[in-house]
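Taking it in order: structure first as structure tokens, then the write-up.
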Amino acid sequence: MSRECCGPEEPVTPEPADACCGPAESSHREEHEELPPWWRDRALTLPVASGLLWVTGLVLERMGLEVVGLVVFALGLAAGAWTFVPSTIKRLFTASGRGKLGVGLLMTIAAIGAVLLGHVGEAAALAFLFSIAETLEDRAMDRAQQGLRALLSLIPETARVSRLTGEQTIPAAEVREFDVLIVGAGERVATDGVVTDGRSWVDTSAITGESIPVEIGPGDAVLAGSVNGSGTLHIEATADGRDNSLTKIVHLVEQAHANKGERARMADRIARPLVPLVLIAAALIAAFGFLIGDPGTWIERALVVLVAASPCALAIAVPVTVISAIGSASKFGVVIKSGAAFEQLGTIRRVAFDKTGTLTRNQPQVVTTHTASGHTEADVLGLAAALEAASSHPLAEAITTAAPHRVEAVEVQEHPGHGLTGTVDGRRVRVGSPRWIDPQTLTQEATELAGQGMSIIVVETDDRVAGVIGIRDELRPEATEAITVLAVQGVSTVMLTGDNTRTAEAIAAQAGIDEVHAEQLPADKAEHIRQSAEQTPTAMIGDGINDAPALASATVGIAMGVTGSAAAVESADVAFTGHDLRLIPDALAHARRGRAIMTGNIALALAIIVVLFPLALFGVLGLAAVVLVHEIAEVIVILNGVRAARPKRRVYSSASLTVHPNSDWFLLPKQKSL
């Protein structure tokens, strides 16, 4: 049973709080202690013993052994009360606890009053049901947070490191930046790094939620916790063993419920004043009994009212749901940085995308080459690559990568804003944009490529066009499907980019984006998002420094990859550990489901109070019946909240499934329940 009504408005630690009475003292387990199976959980010992003794007392009472039954009831009462009465009294008489009137105090008063009125059996029932519900709540909170802490278990305990003296095995926490790790087949990577030697496939599904086996080689980045395939890799660490992408994910999510969402604050606003109001109401009811000359009856009803109006279920209605949902989201690659962000994510009706690096791969590639008479594709690419080898232009790497062979160029000169000139095998060669070099006979082809959103490079030899090269930053393969699913969910889409209008419109048409705004500066993006968010809940998703202002202006800012731009991650409310855009509709559906669960929990908790109060006041229900109904409602709220830890990922169409050669791996996020 939670006591979350009167705790601090903004908790400063991620540990579960005893809501009315401050941080829980001993009911929660140590941060990294393994959660045992329920039948071996020592925290359940006293509540279970209390329940067995209470049932035994009922049996003895039915058999006519009333004295023995009374003793057994008393033992059951003591066992159950020991779980909450000492801590309640301690808080009541300590400086830090004074003024925090919790549900435990209501139950303590009710139990003492019942004993004084001679209802020891009912007091034992109250102690048993309250203690078992509170223990189940603690266990549910521990389980929700343990799912997050389990991410840290993805980091191996030890790592093999190459030293001058040879190979050494050291604790993974002692790995330092620039150490060279040796990762064998099937082993996990101890920290983030870059491959320096070896080739293999790595499975990052546990970190990113994408069960896509990624081929890696020298120069490729690898995330902490990734599982190596069949080859041996040498990886230069780019982060310490204690401070890498995986520990960063855990750090972000552990702070998630420090910032309470709207529903959590609403539950607090209702629950905080409710405890003292219930005490006042009970006192007035007892006083009324003395006025009319029937104090016994009305004192008993006052005690029942104490239990009936206590905000037990209301206090836990939101926290267990938020913690469960945020913890499970992190398992499929969605890091939600606060409870408020989680709730707002469930309201999103519009998603704005950055183009480069978000909708596209941010890896320009040569898509097509058109040649003039007397030239081959290899010849055109080779001439262009000979000059581009000396250039730092973003498109230069795409050309040099696509060229099957490259000859040497001399006297290469760069003309900023235009292109390059040089000499190749005695021929004067120019490479540049159509604005500088007339495509001549290939003008129509160049126009068509530009209309498809490509950047055009014209290659000229001895004043005659040799060919035109079309280069494009390709759309991510899953982008179209993600946009389609968003449309089915009733979410509109918009693309914001600094690229030219023609390229932007071509990419948007290919992806199915509803609206396009091109040639946008960072300030323009931020202003557009601000205006959109004022009209409808809007999420912005990007991955670069230039996206940070827009991410901060959105209802929810989403950064692609927690290891990407620090500015983007810092400005965002949500971060994806991977780059699969299908995480967006999955995350929105998960958040909407969580909001629905929270709303249902709050409604049930309030309904219980509204229904039970008059029934208790007019004597329709006795103490035992009210306690039973209240604790059943508490358990229902807890179980309902834990449901948020089992999101139902969307099953993608078979047409979108790709199988990697020589394996049975589907190149998609895992479809099992998390």
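The first residue in the sequence is number 1, and the count goes up from there.
- From Thr321, atom OG1 reaches atom CZ of Phe342 across 8.0 Å, with rounding to the nearest 0.5 Å.
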Chi angles and distances behind the side chain to side chain contact (heavy atoms under 4.5 Å, CB included) call for Leu588, Leu486: CA-CA 9 Å; Leu588 295 185; Leu486 287 173; 3.6 Å; yes
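- Looking at heavy atoms from C-beta onward, Ile471 lies out of side-chain contact with Val367 at the 4.5 angstrom threshold.
- Although no hydrogens or angles enter the test, the distance criterion places no donor-acceptor pair under 3.5 Å between the side chain of Thr423 and the main chain of Glu411.
- A side-chain donor-acceptor contact under 3.5 Å links Thr447 to the backbone of Thr443.
- With rounding to the nearest 0.5 Å, the separation of CD1 in Ile513 from OG1 in Thr497 is 11.5 Å.
- Contact of the Glu388 side chain with the Leu420 side chain is registered, since non-hydrogen atoms from C-beta on lie closer than 4.5 Å.
- Counting only distance, with no hydrogens or angles, the side chain of Arg592 and the backbone of Ile348 share a donor-acceptor pair below 3.5 Å.
- Here OG of Ser328 is found 8.0 Å from CD1 of Ile336. Values are rounded to the nearest 0.5 Å.
- Legend: residues meeting side-chain hydrogen bond (donor to acceptor under 3.5 Å, both in side chains) with Arg476, ordered by chain and number and at least two apart, are absent.
- By the side-chain hydrogen bond (donor to acceptor under 3.5 Å, both in side chains) test, Gln413 pairs with no residue at all, sequence neighbours left out.
- Proximity of Val412 to Thr421: side-chain heavy atoms (C-beta onward) are nowhere separated by under 4.5 Å.
- The 12-atom threshold is not exceeded at CD of Glu408, counting heavy atoms of other residues, nucleotides or ligands nearer than 6.0 Å.
- Put simply, CD1 on Ile456 and CD on Glu445 are 10.5 Å apart, with the number rounded to the nearest 0.5 Å.
- Between Ala341 and Val556 the shortest heavy-atom distance is O-CG2, 4.2 Å.
- For Asp463, the salt bridge (Lys or Arg N to Asp or Glu O under 4.0 Å) criterion is met by Arg428, not counting sequence neighbours.
- Counting all heavy atoms, side chain and backbone alike, Met540 lies closest to Leu551 at O-CD2, 3.2 Å.
- In this structure, Ile469 and Val459 have side chains that are in contact, with non-hydrogen atoms separated by less than 4.5 Å.
- Proximity of Val351 to Ile541: side-chain heavy atoms (C-beta onward) are separated by under 4.5 Å at one or more points.
- Arg643 contributes no side-chain N or O that, together with a main-chain N or O of Ile597, makes up a donor-acceptor pair within less than 3.5 Å.
- Between Gly186 and Val227, the closest heavy-atom pair is O-CG1, 3.9 Å.
- The backbone N or O of Gly225 lies less than 3.5 Å from a partner atom in the side chain of Arg188, making a donor-acceptor pair.
- Within the 3.5 Å criterion, the main-chain N or O of Gln344 finds a donor-acceptor partner in the side chain of Thr347.
- Taking each heavy atom of Met495 and Ala504 in turn, the nearest pair found is CE-O, 3.0 Å.
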Would you sort out whether Ile235 and Val189 count as a side chain to side chain contact (heavy atoms under 4.5 Å, CB included), showing the intermediate values? CA-CA 9 Å; Ile235 299 173; Val189 180; 4.1 Å; yes
With side chain to side chain contact (heavy atoms under 4.5 Å, CB included) as the criterion, how do Val458 and Val431 come out once you've worked through the C-alpha distance, each side chain's angles and the decisive distance to 0.1 Å? CA-CA 6 Å; Val458 182; Val431 176; over 6 Å; no
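- The minimum heavy-atom distance between Leu381 and Val366, with the atom names listed, is CD2-CG1, 4.3 Å.
- Residue pairs meeting the side-chain hydrogen bond (donor to acceptor under 3.5 Å, both in side chains) criterion with at least one partner in residues 371-383, sequence neighbours excluded, are His375-Asp379.
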Return all side-chain donor-acceptor pairs below 3.5 angstrom for residues 526-535, not counting sequence neighbours, or 'none' if the list is empty.
unit_1 : atom_1 : unit_2 : atom_2 : d
Glu527 : OE1    : Arg530 : NE     : 3.1
Glu527 : OE1    : Arg530 : NH2    : 3.4
Glu527 : OE2    : Arg530 : NH2    : 2.4
Glu527 : OE2    : Gln531 : NE2    : 2.8
Arg530 : NH1    : Glu534 : OE2    : 2.6
Ser532 : OG     : Arg350 : NH1    : 2.9
Ser532 : OG     : Thr538 : OG1    : 2.8

Quick one, Asp462 with Arg464, criterion salt bridge (charged side-chain N to carboxylate O under 4.0 Å, His left out). Give me CA distance, side-chain angles, the key distance, then yes/no. CA-CA 6 Å; Asp462 295 328; Arg464 297 182 63 85; over 6 Å; no
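- A donor-acceptor distance shorter than 3.5 angstrom exists from the side chain of Arg595 to the backbone of Glu343, with no hydrogens or angles considered.
- For the pair Ile399/Ile457, a side-chain contact is recorded, criterion being any heavy-atom separation below 4.5 Å from C-beta on.
- Note that CG of Leu359 and CD1 of Ile507 are 8.0 Å apart. Values are rounded to the nearest 0.5 Å.
- Residues forming a side-chain hydrogen bond (donor to acceptor under 3.5 Å, both in side chains) with Thr493 (at least two apart in sequence, or on another chain): Asp514.
- The CZ atom of Phe576 lies 5.0 Å from the CD1 atom of Ile584; values are rounded to the nearest 0.5 Å.
- Proximity of Thr191 to Asp243: side-chain heavy atoms (C-beta onward) are nowhere separated by under 4.5 Å.
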Could you check Ile216 against Val222 for side chain to side chain contact (heavy atoms under 4.5 Å, CB included), going step by step and ending with a plain yes or no? CA-CA 8 Å; Ile216 59 171; Val222 185; 3.6 Å; yes
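- Residues Phe353 and Val494 are not in side-chain contact: their nearest non-hydrogen atoms beyond the backbone lie 4.5 Å or more apart.
- The heavy-atom pair separating Ala409 from Leu387 by the smallest distance is CB-CD1, 3.8 Å.
- Between the side chain of Asp192 and the main chain of Ala224, a donor-acceptor pair closer than 3.5 Å is present.
- Of the possible donor and acceptor atoms, one in the side chain of Asn228 sits under 3.5 Å from a partner among the backbone N and O of Gly231.
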